[in-house]
Amino acid sequence: MNTNYLNELNERQREAVSHINGPLMIVAGAGSGKTKVLTTRIAHLMRNGVDAFNILALTFTNKAAREMKERIERILGGHEARNLYIGTFHSVFARILRSEAHKVGYPNDFTIYDADDAKSVVKTVINELNLDDKHYKPNLVYNRISAAKNSLMSPSEYQHDYYIQQEDMRANRPMIGKIYDLYAKRCYKNGAMDFDDLLYVFYHLLKNVPEVLSKYQHKFRYIMIDEYQDTNPAQYEIIKLLGAVHENIAVVGDDAQSIYSFRGATIQNILQFEKDYDGVKVVKLEQNYRCTKSILDVANQVIKNNKGQIEKELWTDNDEGEKIRLVRTTTDNEEGKFVADTIAEQKLRNHYENRDFVILYRTNAQSRSFEESLRRMNIPYRIFGGLSFYQRKEIKDFVAYLRVIINTRDEEALKRIINYPARGIGKTTLDKVTLIANEQDITFWQVLTSAASFGFKSGTLEAIDGFVTMIQSFQSQLAKSNAYDVAVQVGKSTNIVKELFNDKTTEGLARYENVQELLNSIKEFTETPTEDGELLEKSLGSYLQQITLLTDADQGTDENSDVVKLMTIHAAKGLEFPVVFSVGLEETLFPNNMAINSREELEEERRLFYVAITRAKSKLWVTYANSRYRFGNLVQNEPSRFIDEIPEKHVDRSYAGGGVRNMGSSSPSWGGIGSAARGGNNMFDTMKKKTPGSPTPSSSSTARPMPKPAAASSNHTPSANFTPDDPNTMEVGMQVEHQKFGFGTITQLEGAANNRIATVNFPKGGGDKKIMLNYAKLMIINK
DNA sequence: CGGGCTCGACTTTTT
DNA sequence: GTCGAGCCCG
């Protein structure tokens, strides 16, 4: 074991690491070596005689957990670290629930519903209550249910809470409480927990089953929590229960980086920690090892505009560094072009690699212009935050079979596959089964297994029996062989694999490959020896639980692939990059329109900007566009108020204005050189995500769908050089071309800049048409 | 039952 | 603009 680990720490860090017993709060500024402190502290605990079995470390992402594990192993050696309990809140609790859930009425092989499953159940319930799902939007309702659970509020409490009811009444949605109640009952009946239940149910398990509480209180004598500022009330209460006996709770967090309040996190948890426990040792890590002086100063000045923070002053020994580049472009497309051009330039000039760059935006929808520009420059990139592999339709369909095999009560999965592939069990039959299930208060599956007694037509009955028999045969096979063999059998018996194989379209090919990858991942799972030797961990049920808790970010951890990364600021937390582009700094976008209604919301947006700034090690570009397309409309935006908060002395505006013109269609020559010389066929890098231990989706989120064939109604083939012109340059009398309707003459114009409507006469395209210029593009042929 | 079309939604989202 | 759900029709 490395015995010098304490020497590698600064004084404050050493103070935190050496604190062994009693509550500890580490206020860790951005880039202050937080993970290092956490991992070293765990190693230090073990060196001082604490048994690995007694240590619990909770993180928010699988990635953070993995990283911690690896770093501890590096200090201690693998065999000693093996018995540590390190994982996300959700995965650790799910793992415990797998052996304890029956004590609160759930099967131990419970299904985990991801957000899509959960919303689908919400929708089912809304429809069953004969409510209008246009008004009771499943998304919105689910978010309220989620918020309730994160505050440990039961359906009954929800329905009796005066304030909540007032809110729902005001929104004219008084039935949300009822929906919550039925939703919870339905999940319970289905033997399923959603993500929030993993906390909610776990809390009630501890609260209501004293021997379980006692067992884990004594097991987890030392508890460590990462990103404490992002914990919600449910997590807070759980920690309180678990830590009550020993009070050896160490929390690490940074109030300035709390950006998940919209998911129920409450910054109060960290602000109050000192009051919650007696004799809290507080250590502040204020030395930043990541950023240049200017970048750090910008971050400090920006965050000063927030009230009510834990007092701290981050400083660094690093170089002064360069100024922050502030760049204004005319449009979102120009912004994309500028960033791609600059990346190419920086690669040449400063010998950066693709992986040194990250583009950070506020909303996922902003990725498009960057994708296009990067693609044009042949710069390989990867977008984080797209669909997770396991959320793809073909994967969810296949996995649904496995879910039903494990838990026939899983109605969501059952409905997915009962007629996939088509076997003659249509909507009519489904409705009937649902009706019977609800009337008789039995599960969907029970109706299917005794379908004969419910008077289905003979053809339908045959189809149902065939399906039931098939599932049952999978189940009995599972008793004899492993998860992989069963999965292969599912692929064969259902013809799914063959069917996908025969689909020779690009999309079909991708789907086939994805299913193959799924099978590979199951194979790998069953064949890799377990770390901790728990038999349960190799079962199909455990595989299913594990994959539901994986996200897109977990698969994108191939540090070796040399690609530019694109992600939301939220997704970037905890990461660092030599060069950061923080883009879209515009009012209504960042701070986002939806988050400027209260001081709290605005401050969270500012913290988000703080997170963006502090991701940068040496160079930071901040960009914004005068106008951009949003929801298909061209909108003009003011520069973000956050820009004004950047101290002028750190700002280099020399790219602004003139820079835009430089970046125009006549790209600087280095742009072209960069792309041709370095990009090459490396584009394939962006098409593959490779991660040891997880599947490789062949069509990653960066792969764009093939262009759709022209609509049947179209009888015009657009000119080869068709390029739409700016709606604002259109005038009455102009000859224009439309992609579908062909050539025509503008006869009338109405509406303001963003909402311009042209009436165009198309002689060959059906006469006068009203064209929303923001949607259907026109090219000017003749003025 | 499935293809094709229209209509409507659309902030962030560790799990 | 882009995606997906849901409806209609063959």
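Letters A, B, ... are given to chains in the order of the sequence lines, protein chains preceding strands, and every chain is numbered from 1.
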So, are [X] and [Y] salt-bridged, with charged N and O less than 4.0 Å apart?
| X | Y | value |
| --- | --- | --- |
| A:R416 | A:D410 | no |
| A:E605 | A:R362 | yes |
| A:E67 | A:K63 | no |

Of all the nucleotides listed ([options]), which has the minimum atom distance to the side chain of [X]?
| X | options | value |
| --- | --- | --- |
| A:F262 | B:dT14, B:dG2, B:dT12 | B:dT12 |
| A:A422 | B:dT14, B:dC1, B:dT11 | B:dC1 |
| A:F60 | B:dT14, B:dC1, B:dC10 | B:dT14 |
| A:N419 | B:dT11, B:dC10, B:dC1 | B:dC1 |
| A:K123 | B:dT11, C:dG6, B:dT14 | C:dG6 |
| A:R362 | C:dG6, B:dT12, B:dT14 | B:dT12 |
| A:N592 | B:dT11, B:dT13, B:dT14 | B:dT11 |
| A:N364 | B:dT14, B:dC10, B:dT12 | B:dT12 |

Nearest-nucleotide 5' precedence on DNA chain B, A:R263 against A:K137 =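 Its nucleotide being nearer the 5' end, the pick is A:K137.
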Of A:K134 and A:A265, whose closest DNA chain B nucleotide lies nearer the 5' terminus?
->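 Per heavy-atom nearest nucleotide, the more 5' residue is A:K134.
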Give [X] one of three labels, base, sugar-phosphate or nothing, depending on what nucleic acid heavy atoms sit under 4.0 Å from its own.
| X | result |
| --- | --- |
| A:G574 | nothing |
| A:L58 | nothing |
| A:A595 | base |

Side-chain N,O (A:N593) to OP1/OP2 (B:dT11) below 4.0 Å =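 So the side chain of A:N593 is outside the cut-off, no N or O lying under 4.0 Å from OP1 or OP2 of B:dT11.
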Below 4.0 angstrom from OP1 or OP2 of B:dT13, is there any side-chain N or O of A:T568?
->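 Yes, within the criterion.
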Rounded interatomic separation in angstrom, taking [atom1] from [X] and [atom2] from [N]:
| X | N | atom1 | atom2 | result |
| --- | --- | --- | --- | --- |
| A:I383 | B:dT12 | CD1 | P | 13 Å |
| A:F609 | B:dT12 | CZ | C1' | 17 Å |
| A:R630 | B:dT11 | CZ | P | 8 Å |
| A:E604 | B:dT11 | CD | P | 16 Å |
| A:I259 | B:dT13 | CD1 | P | 9 Å |
| A:Q366 | B:dT11 | CD | C1' | 10 Å |
| A:N139 | B:dC10 | CG | P | 7 Å |
| A:M567 | B:dT11 | CE | C1' | 18 Å |

Is there a donor-acceptor pair under 3.5 Å between the side chain of A:R144 and the backbone N or O of A:L140?
->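 Side chain of A:R144 to backbone of A:L140, a donor-acceptor pair under 3.5 Å: no, none is there.
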Please check if the side chain of A:N495 supplies one atom and the backbone of A:E499 the other of a donor-acceptor pair under 3.5 Å.
->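 Judged by distance alone, no pair lies under 3.5 Å.
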Would you say whether A:Y260 stacks on B:dT13? The test is a distance between ring centres of less than 5.5 Å and an angle between planes of less than 30°.
->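 No; by the centre-distance and plane-angle rule, A:Y260 does not count as stacking on B:dT13.
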How would you label the glycosidic angle of B:dT11: syn (within 90° of 0) or anti?
->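 Chi for B:dT11 falls in the syn range.
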Under 3.5 Å, is there a donor-acceptor pair between the A:R630 and A:T588 side chains?
->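 Yes, side-chain donor-acceptor contact under 3.5 Å.
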